[in-house]
Engineer: 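To start, I am sharing the structure in question, which I have written as structure tokens.
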2 protein chains.
Amino acid sequence: MKTRDKILLSSLELFNERGERNITTNHISAYLAISPGNLYYHFRNKSDIIYEIYLEYEKLVDYYLQIPDDRPLTLDDLTFYLESVFDGLWSYRFFHRELEFLLDSDQRLREDYRKFTSRCLAAINRIFDGLAEGGVIQPQSEDLRAAMSLNVWLVITNWLAFLKTAHGSELSNDLSLGQLKQGIYQVLTLEIPYLTPEFYRPVMDLREKYRPQLPVVGDERTG
Amino acid sequence: MKTRDKILLSSLELFNERGERNITTNHISAYLAISPGNLYYHFRNKSDIIYEIYLEYEKLVDYYLQIPDDRPLTLDDLTFYLESVFDGLWSYRFFHRELEFLLDSDQRLREDYRKFTSRCLAAINRIFDGLAEGGVIQPQSEDLRAAMSLNVWLVITNWLAFLKTAHGSELSNDLSLGQLKQGIYQVLTLEIPYLTPEFYRPVMDLREKYRPQLPVVGDERTG
DNA sequence: GACTCACTAGAGTATATACTCTAATAATAA
DNA sequence: TTATTATTAGAGTATATACTCTAGTGAGTC
């Protein structure tokens, strides 16, 4: 494998494991057992590494979120979209963790991410449309659909941070892809009231597959 | 005002404005026109400053989220909870921005925040209960209520990050408390399907007050 | 063999960062 | 007054961080 690709791969791995803020270019080169100079031969700076990794992430999610508009959507489609998006989030999980700082530090990233968010929201809207066409959910007003889509986006993009922060140190280091996918349970919760009678059972059964094994949080009470 | 309090106040201000990651202890002392030594006389380290600020935040939200259990809840109660929580989020907005890093760096904070999340979720659950008692929303199964509450939490805690990242640089520097409260629109969207017929109109009217003036994001399409 | 060129090592640098140390001053108590 | 304590200034330090510079190496080409 080319050094350049190794740098990208290892950076992603280290960023995901320990957070971008905790990983310096020196860490990356040390991890790869190459010199800092070598790293800087391939990349102008740390931001460029992050930006390239981001482009991969964006490409991946854009690929997943291609919505056919020549046919209605099925429950299988929905499952695929959800599974895929959470897979993507997991593979590039460092990104959302330090999102605001990263966008503040890199104008390109900021602009690209803004458009990316827009595309994702549009895609979620179209998925709702497609599901309504497919008779899975009831048709909604444009307003409601947009607000719902945004809520779906908020739940999805915040799910990982929630998992990491809502648990003590015990679990946080070995978050599994499985736990991550409990986010799907949360997303499907949003749809329940809008399901058609015909699809109520199938969707609830699907949702059940992602139900958290243990209660997500305890039961502390305010005074 | 005591130097110690000035440090806390200015730190919060600087953290909120420019992000905790971009603010060093030297920045804080320079901003206050005191010496670094002076700052370190009052606080052992940067973490301690952050921790004390966090305690204020926690105290504030805990105070807001006292739920009476001797009476049902009204729509006014709900409005108060929503407004208060978003006010709190705004005043301490730096915190959620760098949440994961902060929790990783400070064991006390991690543990306290975990319990805090738990209390908040419990409070949201009880608000739903109270609203059901008050005839605002229909009673729900415990499972559904818990999942709904979690979604409310996810939407609330992610709303600010969404606003900051979904807009280009134009808006991001002057996010207003007003825009922030459009988050209330999103939260109320979650409740729509569960409203009782009697309260459908009142809640929808309330929600309307927080509707975003401009579409929150554009309409870019995936390929 | 001479030459090119992509690639690499590794020492080095300017700056920033969190934090310390000493000495001094202001406030308060005895 | 004297003693004590709280507070402050400000120079200084060890370390980290992002990044640069010079000097190569080794595979392929003419």
Side-chain angles (χ1 to χ4, degrees), chain A residues 1-54 94-95 97-110, chain B residues 1-54 94-95 97-110:
Chain A
M1 184 186 281
K2 297 220 159 202
T3 302
R4 188 187 161 80
D5 293 327
K6 280 199 265 185
I7 293 172
L8 288 175
L9 210 66
S10 299
S11 298
L12 175 59
E13 189 180 331
L14 291 171
F15 289 162
N16 277 342
E17 290 295 324
R18 299 176 43 203
E20 177 271 339
R21 186 168 176 177
N22 297 315
I23 295 298
T24 71
T25 49
N26 289 343
H27 285 126
I28 299 167
S29 50
Y31 180 79
L32 281 166
I34 65 173
S35 66
N38 194 351
L39 184 147
Y40 278 91
Y41 170 78
H42 289 93
F43 293 93
R44 264 198 9 257
N45 51 40
K46 194 182 172 190
S47 264
D48 276 6
I49 298 176
I50 293 166
Y51 185 62
E52 292 224 13
I53 294 177
Y54 165 74
F94 86 94
F95 185 69
R97 170 175 172 160
E98 328 235 24
L99 185 57
E100 288 190 56
F101 175 82
L102 295 177
L103 299 195
D104 275 352
S105 319
D106 188 334
Q107 192 55 44
R108 294 169 302 180
L109 195 57
R110 174 164 204 90
Chain B
M1 183 186 280
K2 298 220 157 202
T3 302
R4 190 189 160 80
D5 293 327
K6 280 198 266 185
I7 293 172
L8 288 174
L9 210 67
S10 299
S11 297
L12 175 57
E13 189 180 330
L14 291 171
F15 290 162
N16 277 342
E17 291 294 324
R18 299 174 46 202
E20 178 270 341
R21 186 168 178 178
N22 297 315
I23 296 297
T24 71
T25 49
N26 290 343
H27 286 125
I28 298 167
S29 51
Y31 180 80
L32 280 167
I34 65 173
S35 65
N38 194 350
L39 184 146
Y40 278 92
Y41 169 77
H42 292 283
F43 294 93
R44 265 197 9 255
N45 51 40
K46 195 183 174 190
S47 264
D48 275 7
I49 298 177
I50 293 166
Y51 184 63
E52 293 225 11
I53 295 176
Y54 164 74
F94 86 93
F95 185 70
R97 171 176 170 160
E98 328 235 25
L99 185 57
E100 288 189 58
F101 175 81
L102 295 177
L103 299 195
D104 275 352
S105 320
D106 188 335
Q107 192 55 43
R108 295 169 302 178
L109 196 55
R110 175 166 204 90

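Letters go in sequence order (proteins before strands), and every chain restarts at 1. Side chains included, hydrogens not; waters and symmetry mates left out as well; all remaining heavy atoms used.
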Engineer: Using 0.5 Å steps for rounding, measure from the CD1 atom of Ile7(B) to the CG atom of Leu39(B).
Structural biologist: 4.0 Å
Engineer: Do Glu20(B) and Lys46(B) have side-chain heavy atoms sitting under 4.5 Å apart?
Structural biologist: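 Yes, their side chains come closer than 4.5 Å.
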Engineer: Are any of the side-chain heavy atoms of Ile28(B) and Phe15(B) separated by less than 4.5 Å?
Structural biologist: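 Sidechains of Phe15(B) and Ile28(B): in contact.
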Engineer: So, do Leu14(B) and Phe94(B) sit near enough that their side-chain heavy atoms are less than 4.5 Å apart?
Structural biologist: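 SC-SC contact between Leu14(B) and Phe94(B) ruled out.
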Engineer: Are any non-hydrogen side-chain atoms of Arg97(A) and Asp104(B) less than 4.5 angstrom apart?
Structural biologist: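 A side-chain contact under 4.5 Å exists here.
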Engineer: All N/O contacts under 3.5 Å from nucleotides 3-10 of chain C to the protein, with atom names and distances to one decimal?
Structural biologist:
unit_1	atom_1	unit_2	atom_2	d
dT8(C)	OP1	Thr3(A)	OG1	2.6
dT8(C)	OP2	Thr3(A)	OG1	2.7
dT8(C)	OP2	Asn38(A)	OD1	3.4
dT8(C)	OP2	His42(A)	NE2	3.4
dT8(C)	O5'	Asn38(A)	ND2	3.1
dA9(C)	OP2	Ser35(A)	N	3.0
dA9(C)	OP2	Asn38(A)	ND2	2.9
dA9(C)	N7	Ser35(A)	OG	2.9
dG10(C)	N7	Ser35(A)	OG	3.4
dG10(C)	O6	Gly37(A)	N	3.4

Engineer: Quick check: do Asp48(B) and Arg108(B) have side-chain heavy atoms less than 4.5 Å from each other?
Structural biologist: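 Of all side-chain heavy-atom pairs linking Arg108(B) with Asp48(B), at least one is under 4.5 Å.
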Engineer: For chain B and DNA chain D, what are the first and last nucleotides along the strand, 5' to 3', with at least one atom under 4.0 angstrom from a heavy atom of the protein chain?
Structural biologist: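 Using the under 4.0 Å cut-off, the span is dA6(D) to dG10(D).
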Engineer: State, yes or no, whether a side-chain contact exists between Phe95(A) and Leu109(A) at a heavy-atom distance under 4.5 Å.
Structural biologist: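 Yes. Closest side-chain heavy atoms under 4.5 Å.
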